[in-house]
Amino acid sequence: MSQYDYDLFVVGAGSGGVRAGRMSAGFGARVGMCEDMRVGGTCVMRGCVPKKLLVYGAHFHEEIEDARAYGWNVDAKSATLDWPHLIAKKDAELQRLEGVYHSILGNAGVELLNGRGKLIDAHTIEVASDTDRKTVTAEKILITTGGWPSMPDIPGIEHVITSNEALDLKDLPGRMVIVGGGYIAVEFAGVFNGAGVEVTEIIRAPNILRGFDEDVRNHLRAEMEKKGITIRSETVIDSIERTAGGYTLTVNGGEVLETDLVMYATGRTPKTDNLGLEDVGIEIDRARAIVVDDHYQTSVENIYALGDVTNRVNLTPVALAEGMALANSLYNNTPTTMDYDFIPSAVFSHPPIGSVGLTEEQAQKEMGPIDVYVSTFKPMKHTLSGRDEKGLMKLIVEQKTDRVVGLHMVGPDTPEIAQGFAVAMKAGATKAHFDATVGIHPTAAEELVTMREKTR
Ligand code: NDP
C-alpha cells in the first residue's frame, strides 16, 4: 500500500481537473478531488455553457422578424423576452449538468471533497469548508483552480458586476455599459443588445478583440454597431459613482456618462491566491500563473498544473486535452505532450466569429511572403429577409508551401464551419487542396473552397 491517501489529488473540479481526475481513476489511480464552488468550473457553471444558452435566447427576435419577411404571420413588434424565464431555464440546465458531473466522477471512482484546497507541504493538502476541515495526503497533486475576473482598481469599482453576475441578472436594465473589448465583453454586448438593453461598450484601445485578425475586428465591430451597440474607443473610466437611479461614470478625465448597470470584462487572473503555492516552492509568474513545463510539471516535481491557472491557451477544450495528456502520461504508460498549433476558436458574438491559425498580421511577422484571400458576402437567408448583415471569409496562405495557415470568418454558423476546416488545416491542407474540394451549394462555407482571386 502507498504511504499516501491518494495517488493523485486534484484541487479544482473544472473542465481540466475533472477530465484529468476521472481518466487517471480509469487507468487505476486512486484519485481524490476538492472543489469549494460548483462542480463543472468556469465553463459549465460561469462561462461557455450558460453564456451560449443566453446567446441563443437573446437572438430569437431576429428570427421572428426574418420569419415575417418569409411570409409568417407573426407580430415581431409585440414579441418580448421573458428574461427571468430564460434565467430559470438556464439555471435548471446547469443543475442538471452539475448532477451529470457528480455522477461521472462517482462512476469513475473519484472521491470528491467539498472545500477549498490549500497545500501544507508537497504531499499534504488541507481541504476546508465552512463546516469541515480535513487533511489528506497524495503522491502527486494537480492544481486546476482556473481563473477569476480581474478589474482595475478605480474608485467605485465595487459597484460593477462581472460575467459571473451578468449570467444571473434577475432583471434587465434599460441601459448598460460593458467595459472591455475581449471575448467576454463582445459576447455579452451581443446578448444584452439582443435582449433589448441599450448597450455601450467602452474600450481603452482603438478597436475590439486585440489579437484577432484586423479584418475580423473591423467587420465584427461594424456589424455590432449596425445592430445598435455603441462602441466607444480610446475611453478610459476614471471613476464610478452610484446615483439614485443608476451609475455615473467619469471618463477620459472629465466627461460624464449615465447608465443603469456597469459590467467589467477586463480579463481574468489565474486563481492562485491562498493555495499555499509559494510556501511549497511553486513558481508563479508575473501574471500570477503557475509556471509549468511541457508535461504540466511545476517547479515542485510531484505537483502539476494545467488549464487557465497556467494562463497559456485559456480555452476549455485545451484544458480537456491537457488533462487527458497528463492522465495518459502519469497512469497509462503513454507519455503525451500537447500540440498547440492550429487550435480553432470561436467568439459567440452576434454575429459570431470562427477562426483557425494565424492572423494576417501574425503570418506577416512569422512567415515569408503570404497570399491573402478575403470575401464579404450577404448570407442567402438575408436576400429575402432584407436584414442588413454581411459575412466575412478570409484565408491566409504561405506562398512557399501553399499551406493554408489562417482561416477567419464572421457570420452565422462560422464556429460550426471552423471545426471541420481545423481538421484539414491540422493535417496540413494547402490552397490547392481547398481549390480541389468541391463546394456544397448553396452554403456560406463553399466560399472557402471557391476563392480564386487573391485580395493581396
Ligand atoms: P480578454 O483578455 O480577452 O480581454 C480583456 C479586455 O479587457 C481587452 O479588451 C483589454 O483591452 C481590456 N482591459 C484589460 N485591462 C483593462 C483595464 N484596466 N481597463 C480597461 N480595459 C481593460 O479577457 P476576457 O475577460 O474577455 O476573457 C478572458 C479569457 O476567457 C479569454 O482570453 C479567453 O481565453 C476566454 N474566453 C473564451 C471564450 C470563447 O472561446 N468563446 C469566451 C469567453 C472567454 P486591451 O485590448 O486594450 O488590452
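Numbering of residues begins at 1 and proceeds along the displayed sequence. Side-chain atoms are counted along with the backbone in the values below, which use heavy atoms only and exclude waters and symmetry mates.
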Can you tell me if [X] uses its side chain to pair, donor with acceptor, with the backbone of [Y] under 3.5 Å?
X	Y	answer
E322	G307	yes
T310	I290	no
E360	I396	no
R403	M425	yes
S150	G267	yes
E416	D413	no
T269	G147	no
S233	P206	yes
S15	T316	no
T272	R288	yes

Taking all non-hydrogen atoms of both residues into account, name the closest pair between [X] and [Y] and its distance.
X	Y	result
V251	D238	C-OD2, 3.5 Å
M176	I161	CE-CD1, 4.4 Å
G357	Q362	O-OE1, 4.3 Å
F342	V404	CE2-O, 4.0 Å
I64	V74	O-CG2, 3.7 Å
L142	A20	CD2-CB, 3.5 Å

Just by distance, no angles: are the side chains of [X] and [Y] close enough, under 3.5 Å, to form a donor-acceptor pair?
X	Y	result
T359	R217	no
E447	Y373	no
S349	E187	no
N311	N314	yes

Point to revise | Pair Y340-R312, side-chain contact (heavy atoms from CB on, under 4.5 Å): steps then yes or no | key: CA-CA 10 Å; Y340 290 86; R312 300 193 298 178; 3.1 Å; yes
Heavy-atom neighbours of [X] [atom1] exceed 12 at 6.0 Å:
X	atom1	answer
E198	CD	no
Y56	OH	no
E158	CD	yes
K89	NZ	no
R452	CZ	yes
K390	NZ	no

Practice item. Assess whether salt bridge (charged side-chain N to carboxylate O under 4.0 Å, His left out) is satisfied between D215 and R456, documenting all intermediate values. Key: CA-CA 13 Å; D215 283 332; R456 49 190 172 265; 2.9 Å; yes
If you measure from [atom1] on [X] to [atom2] on [Y], what distance do you get to the nearest 0.5 Å?
X	Y	atom1	atom2	answer
R22	N107	CZ	CG	10.0 Å
Q364	L358	CD	CG	11.0 Å
H102	L97	NE2	CG	11.5 Å
L392	I353	CG	CD1	9.5 Å
I143	L275	CD1	CG	6.0 Å
S24	M324	OG	CE	12.0 Å

Is the shortest side-chain heavy-atom distance between [X] and [Y] below 4.5 Å?
X	Y	result
M338	Y296	yes
I229	F192	no
V397	K454	no
E366	V405	no
V55	H350	no
Y264	I240	yes
M45	M37	no
V216	S355	no

Carboxylate-amine/guanidinium proximity below 4.0 Å for [X] and [Y]:
X	Y	answer
E93	R96	yes
D168	K90	yes
E361	K365	no
R175	E258	no
D388	K226	yes
R232	E255	yes

Practice item. Taking the six-membered ring for Trp and the full ring for Phe, Tyr or His, determine whether the centres of F212 and Y183 are under 6.0 Å apart. Key: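 Yes, ring centres under 6.0 Å apart.
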Point to revise | Working for side-chain contact (heavy atoms from CB on, under 4.5 Å), residues L395 and F421 | key: CA-CA 11 Å; L395 291 180; F421 278 95; over 6 Å; no
**Study point:** side-chain contact (heavy atoms from CB on, under 4.5 Å) partner of I202, chosen from L257, V262, T259, V236
**Key:**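 Of L257, V262, T259, V236, side-chain contact (heavy atoms from CB on, under 4.5 Å) with I202 is met by L257 alone.
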Exercise for review: Show the numbers, then the answer: is there a side-chain contact (heavy atoms from CB on, under 4.5 Å) between V179 and T266?
Suggested key: CA-CA 7 Å; V179 186; T266 47; 4.1 Å; yes
Practice item. Step by step, work out the salt bridge (charged side-chain N to carboxylate O under 4.0 Å, His left out) result for K227 and E389. Key: CA-CA 9 Å; K227 289 181 191 298; E389 188 180 300; 2.8 Å; yes
Practice item. Evaluate the criterion salt bridge (charged side-chain N to carboxylate O under 4.0 Å, His left out) for residue pair D213 and K394; output intermediate values, then yes/no. Key: CA-CA 9 Å; D213 188 273; K394 177 166 180 177; 2.7 Å; yes
Exercise for review: Start with the C-alpha distance between L169 and I87, add both sets of side-chain angles, then the distance that settles side-chain contact (heavy atoms from CB on, under 4.5 Å), and finish with yes or no.
Suggested key: CA-CA 8 Å; L169 272 192; I87 293 294; 5.6 Å; no
